[in-house]
S.K.: 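Please see the structure below; I have some questions.
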Amino acid sequence: MTDLLLYDTTLRDGAQTEGISFSADDKIKIARKLAQLGVHYIEGGFSAPSMRTDMEFFARLREEPLGHAKLVVFGMTRRTGTKADKDPAVRNLVELGAPVAAIVAKTWDHHVTAALRVDLEENLAMIRDTLRFVKEHGVEVCFDAEHFFDGFKHNRDYALKCLAAAAEAGADTICLCDTNGGALPDEVRDIVQAVHQGIGIPLGIHAHNDCELAVANTLAAVEAGAVQVQGTINGYGERCGTANLCSVIPNLQLKLDRGILSEEQLAQLYETAHYVASVANMPPPEREAYVGRSAFSHKGGMHVDGMMKSPRTYEHIRPELVGNERRFLVSDQAGRGAVMFKAQALDLGLDKDSPQAKEIMERLKEMEHAGYQFDGAEASFELLVQKSVGKYQPRFDLEGFRVIVEKDRTGEIRTEATIKLKVDGVEEHTAAEGDGPVHALDNALRKALERFYPQLKGIRLTDFKVRVVDAPAQATAASVRVMIESRAGAKTWTTVGVHTNIIEASWQALVDGVEYGLLQSLGERGNAQ
Ligand SMILES: [Zn+2]
């Protein structure tokens, strides 16, 4: 453990991401998750009374506090020409019940005169008055020095005067912000070092990612003496985002030996990143370092071959350290060795020199040619292998289905699917409606099967992706590839279907999704992603 403190601003800076809009419920869920991860400071939102969601969030957390993590309310210095105690947003810094206030002020003279349009002395007075008022009420203060690096480069004296004003008024921490994200690691290191030498207050770093350097700048600042590390989960934040804590934390801990979290907490990182993405309604991390689904997946033939001999050949850390897992992707490119490795891992008694093994390779080639992609659809791959080795038992026989989409004069659309199937000779005939044809078909299939397999109630369809695939030259119509993600509890799996007809492609992926889910719930061997 070190003296470093993690400061998460997913709920404030992250909420400023294009495409993210948190409800108070979302915020509370994420705050709890962050507290569980071991974050020390959780910036929950703004102090401005007009921010309704944030007002509700702070009010609710007053009733049910976060445990060890300290909640932070974020606000600006008092408005020009008023007193701190007359400014409602400043009063809220002490009245919302958060033990810590982050108070942001401009420290770049150009911003003070051009954007804020107040004179430089008044800006210093605004800093002093606001911090004093908040400190007098026993609230811990983090002073956010906005645009500090740009300010320091353009008018060092003034930027430092702002910090001195904050220090004089009792700031507990001073966080240096690269608000525009334009600084380079060497500059950050030098400037943090220079400030660190002249000030007796712990420093923080808040770096934006406009040059894809937020993580590097954060590490540089820490090496130069900063102890408070600000950032967000998955790097959410204004414009290109803020330093991604999912990279910052393991870099500090595993590369620089500046441990912040316990091993158990660090191993929750993957799950935290994916959980926050799902609450934020953002795509799950795919190619992100450490926590992306592909961060430890191996596809190239030589890579897979090397990995099979020794995992250290193509991995910089063990994926389990951050809660991620190693994956071998199934594709033509991976070659026979990798496919066999993957197939054998399923424990179905497959011999790599057997006729079934040859059949799997041929089938895979054919299907990939037709547009199937098993890279991200390992559940369908597993079913394919089961079929080839004769271990596959269909859970039902389809007699037929029909999907109807109707639109009437008023513009209203109605979708209905009917399905007829048999389970062990018992026939079931059901109809269901849905928001669209695939949804209706999914509903009808479940409704028909639930009588036989009640465990289907715990399986949900969580994602549906359609993509047009390049048609072979002789084909008249382009095929579509449908990928469906299903979930039961914390486990997810993806299945694939391909056809020129989107309903048929969806049907294939739906059936695989259900079959695979049943296979898992029936306690048989499964190896989903
Ligand atoms: Zn920011």
Side-chain angles (χ1 to χ4, degrees), residues 5-22 27 30-31 34 39-48 51 54 71-77 89 93 98 100-108 110-112 115-116 127 141-153 159 162-163 166 171 173-185 187-188 191-192 203-222 226 228-249 276 280 282:
L5 293 166
L6 279 178
Y7 183 115
D8 180 280
T9 176
T10 306
L11 302 177
R12 199 275 303 166
D13 213 319
Q16 292 170 232
T17 310
E18 182 171 0
I20 287 186
S21 165
F22 290 129
K27 286 193 158 203
I30 292 175
L34 292 167
V39 167
H40 305 98
Y41 290 89
I42 298 173
E43 193 173 84
F46 289 90
S47 67
M51 306 291 274
D54 290 352
L71 187 61
V72 185
V73 53
F74 179 88
M76 293 174 210
T77 49
L93 291 172
V100 186
I103 300 171
V104 63
K106 302 199 180 291
T107 58
W108 180 5
H110 170 66
H111 250 276
V112 176
L116 201 58
I127 294 172
V141 167
C142 172
F143 177 67
D144 261 6
E146 202 183 15
H147 296 290
F148 182 77
F149 294 92
D150 292 315
F152 190 93
K153 285 188 268 181
C162 294
L163 302 193
T173 315
I174 289 181
C175 182
L176 308 179
C177 305
D178 182 25
T179 310
N180 291 358
L184 299 173
E187 293 172 330
V188 170
I191 295 174
V192 172
L203 295 179
I205 177 71
H206 178 103
H208 273 266
N209 201 30
D210 300 69
C211 298
E212 188 80 26
L213 289 169
V215 171
N217 286 340
T218 303
L219 299 184
V222 168
Q228 185 199 69
V229 180
Q230 295 204 2
T232 60
I233 298 296
N234 298 325
Y236 299 144
E238 193 69 67
R239 302 183 311 280
C240 308
T242 312
N244 185 354
L245 288 181
C246 298
S247 301
V248 169
I249 297 169
V276 172
M282 294 295 271

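Counting convention: from 1, in listed order, for ligands and their atoms alike. Side chains are part of it too, since the values below use all heavy atoms of this structure and drop only hydrogens, waters and symmetry mates.
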S.K.: F74 pairs by ring-ring contact (aromatic ring centres under 6.0 Å, His included) with which of F143, Y7, F46?
M.R.: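 Filter result, single survivor: F46.
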S.K.: Could you pull out the atom name of the N/O/S atom in H208 that is nearest the Zn ion (ligand 1)?
M.R.: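 Of all N, O or S atoms in H208, the Zn ion (ligand 1) lies closest to NE2.
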S.K.: Grab the two heavy atoms, one from C162 and one from I127, that are nearest each other, plus how far apart they are.
M.R.: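 In this case the closest contact between C162 and I127 is CB-CD1, 3.9 Å.
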S.K.: Determine whether the side chains of H206 and D13 contain a donor N or O and an acceptor N or O closer than 3.5 Å.
M.R.: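 Yes.
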S.K.: In H206, which N, O or S atom comes closest to the Zn ion (ligand 1)?
M.R.: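 Answer by atom name: NE2.
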S.K.: Would you mind naming the N, O or S atom of D13 nearest to the Zn ion (ligand 1)?
M.R.: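 Relative to the Zn ion (ligand 1), the closest nitrogen, oxygen or sulfur of D13 carries the name OD2.
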S.K.: Any Lys/Arg nitrogen of K27 or D54 sitting under 4.0 Å from an Asp/Glu carboxylate oxygen of the other?
M.R.: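 The answer is yes: the pair qualifies as a salt bridge.
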